[in-house]
Amino acid sequence: MSAENTSTLISLGPILLLFCGAALGMVLTRIVPESNRAAILRLWTITILLLSGWLELQTQFSSDFMATMMHDPFSRFFRLTAVGGFALMAIFLPPASDSVLATRSHRRVLELTYPLMLLSAGGVFFLSAAYDLLTLFIGIELCAIPLYLYYRGITEIAESEIKTDTNGEENNDSEELRSRFLRVFGYGLFSSLILLFGIATIYGIGGETNLLQLRINISIVFLTYKKLGPGLILAIALIAAGLASKLGLAPFHMWLGEFHASRRCGALPLAILTGLLSGTIAIARIFDNVLIAFSGDVMAPLDWAPALTTIFTISMLLTVIVILRERSARRLLLWVSLAQGGFALIGIISASTVGLSGSLLQVLFAVLALAVAIPLIERIESRETKTQHQNGRIAETSLSDLSGLAHRSPLTAGLLILTLASIGAVPLTGGFIARKELVESALDSQQWWAFSLIIVVSLVIMFSIARVIWSMLRKPKQGLTYTTPHLTPSMRLAAVLTCAMLVYAGINPAAVQEITVQAASVFGF
């Protein structure tokens, strides 16, 4: 084997490790005794993720073009972010002995989540290295496949338990899960078809699948006609709509609602983290790589930005309206997480190093904070809500369930407050630094609509976060018995380290900003 082939094979090491780890994780769900299965799968998942991150750091840039492209600073940033986010999610998944997961079907769903996390991380690794339209599309689908497998798996589990039901009574959950799987699969298939049609259209115009060569061909077309043709406008609109669905931007976010309805089995953080990472990568690769030529005068952002601007504006306005009316803590966090994708998009639209650096910071701190905050919110509930879960009802974790948390569990409340503060861009947190860079980018490019939306939506989110924090600080509601969330030592350590990183980045952001600026400079603005 030649040195060039060896270098390319080594560069594929982290991706192969994650996919093989996911396959072996599926095997472990069958052969490991049920009493120790969840703990072993958790340890296996975290180990594979950390090993893949270590291999990524060990892979050096070489003379091999393919290996260098697969490990450019942009790809490396998203790979390491995926490792951190999914590792935190694996740590904070509820244990199989949790009373909410008392039924055997729920425990098996939880166990399936671990190998699916590895598969999702493998999809993000593959997508981040895509420099071709076909590999880009395959990478996006690899990120979505675990979500389809998740719902198909829990549907089969529910159906198998119906057959073994000693009472012989029909379980309404099974029919609900089947219909929900069809909706998730239908949304995913429809968005994939839209994206594929857009990719086919832009390929027909540029005549190339390689992103770098396609960039040159599109520039030639633009220089020839001095404006965007109807075909290119159609391609941009279709690609924007398809990727907005993957990112979870309103009004293309319907599939995330199905994952929100899943009860405490890791579905919501898995969907949010995968969508946020894969959507940002794909949008940046296409809009800041293909549709920005070597000179700003050739393909200026103003030529294609209106399509993304419209989606961004609609998404943020819908988010503001829903957040102000929301009374469920879990759904509130879902809508706040959708806004993070909108904030990331504004930096991509700016087509500048500062703007894209702000988007990368936004994604990094959102992934870390959401990977901790969502599981913590899901573990807090009143006895009444828990009873509804145990009776098979899909009950929400309301703001009243958080009442008195600061008195019952000060550590959990403190950790949750810090992560929510970063999500809400409170000063002295990493989220504030990311939002600050996005504001500076909007002002530098004189995008006043973006500046106004960032300020308005940020204030609304801060107000909503303040509502959640106030609920934790106030006295418990009379007549309800509350559970105290139990955090294992590993959960406490992971949460404390994450919060320390968010606060340190807010106080001394230079080191993280240097990394994101280096990753953004790959696009040559």
Side-chain angles (χ1 to χ4, degrees), residues 15 65-66 68-82 122-144 191-192 194-196 198-203 205-206 208-219 232 235-249 274-294 299 301 303-305 307-308 311 341 344-353 355-360 362-364 516 518-525:
I15 302 176
F65 177 77
M66 180 61 69
T68 301
M69 298 295 274
M70 291 182 65
H71 295 274
D72 64 27
F74 182 83
S75 300
R76 178 160 293 178
F77 170 83
F78 275 98
R79 293 181 177 196
L80 296 179
T81 301
V124 173
F125 271 52
F126 184 90
L127 176 61
S128 64
Y131 271 87
D132 186 272
L133 284 177
L134 294 179
T135 54
L136 188 76
F137 180 76
I138 293 172
I140 293 172
E141 294 308 304
L142 283 176
C143 293
S191 63
S192 296
I194 291 177
L195 178 60
L196 187 60
I199 289 175
T201 304
I202 203 170
Y203 167 74
I205 296 172
E208 266 290 342
T209 58
N210 181 273
L211 297 181
L212 299 179
Q213 186 61 46
L214 183 62
R215 178 178 185 171
I216 298 174
N217 293 357
I218 293 294
S219 304
L232 192 54
I236 291 172
L238 292 173
I239 291 173
L243 293 180
S245 175
K246 305 299 182 183
L247 188 59
L249 296 181
T274 302
L276 187 59
L277 291 168
S278 62
T280 307
I281 294 170
I283 291 176
R285 286 294 189 197
I286 291 181
F287 286 92
D288 280 347
N289 205 350
V290 175
L291 297 176
I292 297 291
F294 296 108
M299 183 70 84
D303 296 317
W304 51 261
L308 292 186
I311 294 175
L345 183 58
I346 188 61
I348 297 175
I349 295 176
S350 68
S352 64
T353 300
L356 187 55
S357 173
S359 293
L360 299 184
Q362 183 70 40
V363 172
L364 171 63
T516 55
Q518 185 180 11
S521 63
V522 169
F523 296 95
F525 296 124

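The structure presented is a predicted model; accordingly, all values stated were derived computationally and were not measured. As a basis for the values below, the full set of heavy atoms in this structure was taken, side chains included, without hydrogen atoms, waters or symmetry mates.
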Original post:
Where the side chain of Arg285 meets the backbone of Asp132, is there a donor-acceptor pair that is under 3.5 Å apart?
Top reply: no
Subject >> Pairwise distance CG(Leu276) to CD1(Ile281) - rounded to 0.5 angstrom >> reply: 9.5 Å
**OP:** Working to the nearest 0.5 Å, report the span between CD1 of Ile194 and CD1 of Ile199.
**Re:** 12.5 Å
**OP:** Taking the side chain as every heavy atom from C-beta outward, state whether Thr280 and Ile348 have any pair of such atoms under 4.5 Å apart.
**Re:** yes
Original post:
Side-chain contact, heavy-atom cut-off 4.5 Å: Leu243 with Ile140?
Top reply: yes
Original post:
Shortest non-hydrogen contact from Leu277 to Phe78?
Top reply: CD2-CD2, 3.9 Å
Original post:
Looking only at heavy atoms, which two atoms of Ser192 and Phe137 are closest? And how far apart?
Top reply: O-CE1, 3.6 Å
**OP:** Could you walk me through whether Ile283 and Leu345 pass the side-chain contact (heavy atoms from CB on, under 4.5 Å) test, one step at a time?
**Re:** CA-CA 8 Å; Ile283 291 176; Leu345 183 58; 3.9 Å; yes
Subject >> Nearest non-hydrogen partners of Leu214 and Glu208, listed with the distance >> reply: CD1-O, 3.5 Å
Subject >> Between CD on residue Glu141 and CG on residue Leu195, distance to nearest 0.5 Å >> reply: 7.5 Å
Original post:
Roughly how far, to the nearest 0.5 Å, is CG of Leu238 from OG of Ser191?
Top reply: 12.5 Å
**OP:** Locate the shortest heavy-atom distance separating Cys143 from Gly123; write the atom from each residue and the value.
**Re:** SG-C, 3.3 Å
**OP:** Measure the spacing between CG of Leu356 and CD1 of Ile346 and express it to the nearest 0.5 Å.
**Re:** 12.5 Å
Original post:
Nearest 0.5 Å, what's the CG-CD1 distance between Leu133 and Ile286?
Top reply: 6.5 Å
Original post:
Just by modelled atom types, is the Ala130 backbone N or O under 3.5 Å from a matching donor or acceptor in the Thr135 side chain?
Top reply: no
**OP:** For Ser75 and Ser128, work out which heavy atoms get closest and say how close.
**Re:** OG-O, 2.5 Å
Original post:
Do the side chains of Asp72 and Tyr131 get nearer than 4.5 Å, heavy atoms only?
Top reply: yes
**OP:** Work out which heavy atom in Ser357 is nearest to a heavy atom in Ala520; give both atom names and the distance.
**Re:** N-CB, 3.9 Å
